[in-house]
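Report on one structure; see the data block that follows.
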Protein chains: 2
Amino acid sequence: MTTEPASARGTLSREKVVRAAVEMADESGGKVPSTRKLAERLGVQAMALYHHFRNKDALLDGMVDFVFAEIEFPAEGVEWKSAMRDRAQSMREALIRHPWATGLMDSRANAGVATLRHHDAVIGCLRSQGFTVAGAAHAFSLLDAYIYGFVLQELALPFESPGDLEAVAGPILEQAAMEGFPHLAELAVEHALKPGYAYADEFWIGLDLILDGLERHRTTWT
Amino acid sequence: MTTEPASARGTLSREKVVRAAVEMADESGGKVPSTRKLAERLGVQAMALYHHFRNKDALLDGMVDFVFAEIEFPAEGVEWKSAMRDRAQSMREALIRHPWATGLMDSRANAGVATLRHHDAVIGCLRSQGFTVAGAAHAFSLLDAYIYGFVLQELALPFESPGDLEAVAGPILEQAAMEGFPHLAELAVEHALKPGYAYADEFWIGLDLILDGLERHRTTWT
DNA sequence: GCCGGTACTTTACACTGTACAGATTTCCTG
DNA sequence: CAGGAAATCTGTACAGTGTAAAGTACCGGC
């Protein structure tokens, strides 16, 4: 009496598991799936996953590296400013497309090969265009911190489209909650609530300021 | 036979719970305590917490606001550049002192009063020194993203002191893992592994670049 | 003295990651 | 080809999580 579900053999692999986990996390809007749900989607029992990953953290490492593999990185010859702009945009898009990724990256020290390749390419691009070793380190640290931090702010916003902003901020402003915070109120009324405002625009403003500053130090930085 | 633990009445309060939760999170090195552990420390049963917080998320909101209450914010008169430097340092210290806080801030849209007061003071300082409304918004977004992002990178590092760096990076470099990443290797050998290097220094380099850029746009930014 | 609300306890449930012990299929070696 | 070893997946189990629901002791006000 050989029951047919006996052999699910060969259905699993590191890559397939990671891909399924990423899909499910994307669908569920930011929550990493549980081992059981993930196993179910793969047509397998929960414990089967542990033959491909030491523990769940290893799976999460794989998921983070999967995201990094989607980020475009510059070739060495490309003009550095536009290269940095492109990779910033690409990184931002990837982190927004996979909103669970940012939350995983803290406390995750084990960089995968996609992550390393990406970092290497960025630094290579900077080095090939006059940045000193130290300068490239400074630039990378600064750019990465900014991009990462900005996306986190962006993801934490409680609204999706600029239209939603008014719906969210309006009541707050009217409530007494805003009393005692005059500058916040001013900023909201005269800036953030103006038609046409989108927080996303702030990304390019800050990035351009940083790139201009980097240009200024490019060849001289120690 | 009135058993004495019958009345733990009056032992709890929103503030006391938050304070204990923060303490426990700090002690455990970054993990938010479970409701049961937290209750135990407070000499109370787990469900007692739910009379003071709608759910655990509300507790986490309180913890985040507690951290913001520790961050120094500038008075309006103070010279803006040094004020921003001070608040950046203070924010960075607080986030490092409570390493669990960064992880909580994403997906946490409900700002508490300490958070609002802090933001208001920063924007007020900028506004009082020639920044336009839009300029203050740009500056705030940029500075906050950078500080936040930098601290996240810093906390993700797998070592604590500069001395540990060599111990961690050395083996990695020697291993074949580094093959194929020449620029990363160069950066490590010629910069990050040099004696006297500390990643923390990068914070001020990036911050000064940003502040210089802000100075340049201060009065003219739209 | 009673009485309603407040503050806490008790019990219970669904869900989590994963340790441990099989069962079965595949592959390598003699 | 035989047979043992290894790889892969299953079954069961356990400790831990957040929290819903109902119960119980205490309090201040009529």
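Quick note on labels: first sequence line is chain A, next is B, and so on, each numbered from 1.
- At the phosphate of D:dT17, OP1 or OP2 sits under 4.0 Å from a side-chain N or O atom of B:Lys37.
- Distance from the side chain of A:Leu12 is smallest for D:dC9 among the nucleotides C:dT16, D:dG18, D:dC9.
- Taking atom CZ of A:Arg14 as the reference point, atom P of D:dA7 lies 14 Å away to the nearest angstrom.
- A salt bridge does not link B:Asp120 to B:Arg127: none of the charged nitrogens lies less than 4.0 Å from a carboxylate oxygen.
- Rounded to whole angstrom, the span from the OH atom of A:Tyr50 across to the P atom of D:dT10 amounts to 15 Å.
- Here the C1' atom of nucleotide D:dG16 and the CD atom of B:Glu40 are 13 Å apart, to the nearest Å.
- Under 4.0 angstrom from either OP1 or OP2 of C:dC8 there lies at least one side-chain N or O belonging to B:His52.
- Classification of the B:Phe203-B:Tyr146 ring pair by plane angle, with boundaries at 30° and 60°, yields parallel.
- In this structure, A:His118 and A:Arg87 have side chains that are in contact, with non-hydrogen atoms separated by less than 4.5 Å.
- Taking atom CG on A:Leu38 and atom C1' on C:dT16, their separation rounds to 14 Å, with Å as the unit.
- Distance NE2 (B:His51) to P (D:dA20): 12 Å, rounded to an integer number of Å.
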Donor-acceptor pairs are to be reported for all side-chain atoms of residues 46-55 of chain A against protein atoms at under 3.5 Å, with residues two or more places apart or in another chain.
unit_1: A:Asn55; atom_1: OD1; unit_2: A:Asp57; atom_2: N; d: 3.2
unit_1: A:Asn55; atom_1: OD1; unit_2: A:Ala58; atom_2: N; d: 3.2

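- Residue B:Thr11 has no polar side-chain atom (N or O) positioned under 4.0 Å from OP1 or OP2 of C:dA7.
- Comparing D:dT17, D:dT10, C:dT16 by their nearest atom to the side chain of A:Ala48 picks out D:dT10.
- Distances shorter than 4.0 Å separate some side-chain N or O of A:Ser34 from OP1 or OP2 on C:dT16.
- As rounded to whole Å, 9 Å separates atom P of C:dG17 from atom CG of A:Leu60.
- Within a 6.0 Å radius of CD in A:Glu23, other residues, nucleotides and ligands contribute more than 12 heavy atoms.
- Rounded to whole Å, the distance from CE on B:Met47 to P on D:dT17 is 15 Å.
- The CZ atom of A:Arg36 sits 18 Å away from the P atom of D:dC9 (whole-angstrom rounding).
- Residue contacts shown for B:Thr35 include a base, since a base heavy atom lies under 4.0 Å away.
- Of the two residues contacting DNA chain D, namely B:Arg54 and A:Gln45, the nearest-nucleotide position lying further toward the 5' end is that of A:Gln45.
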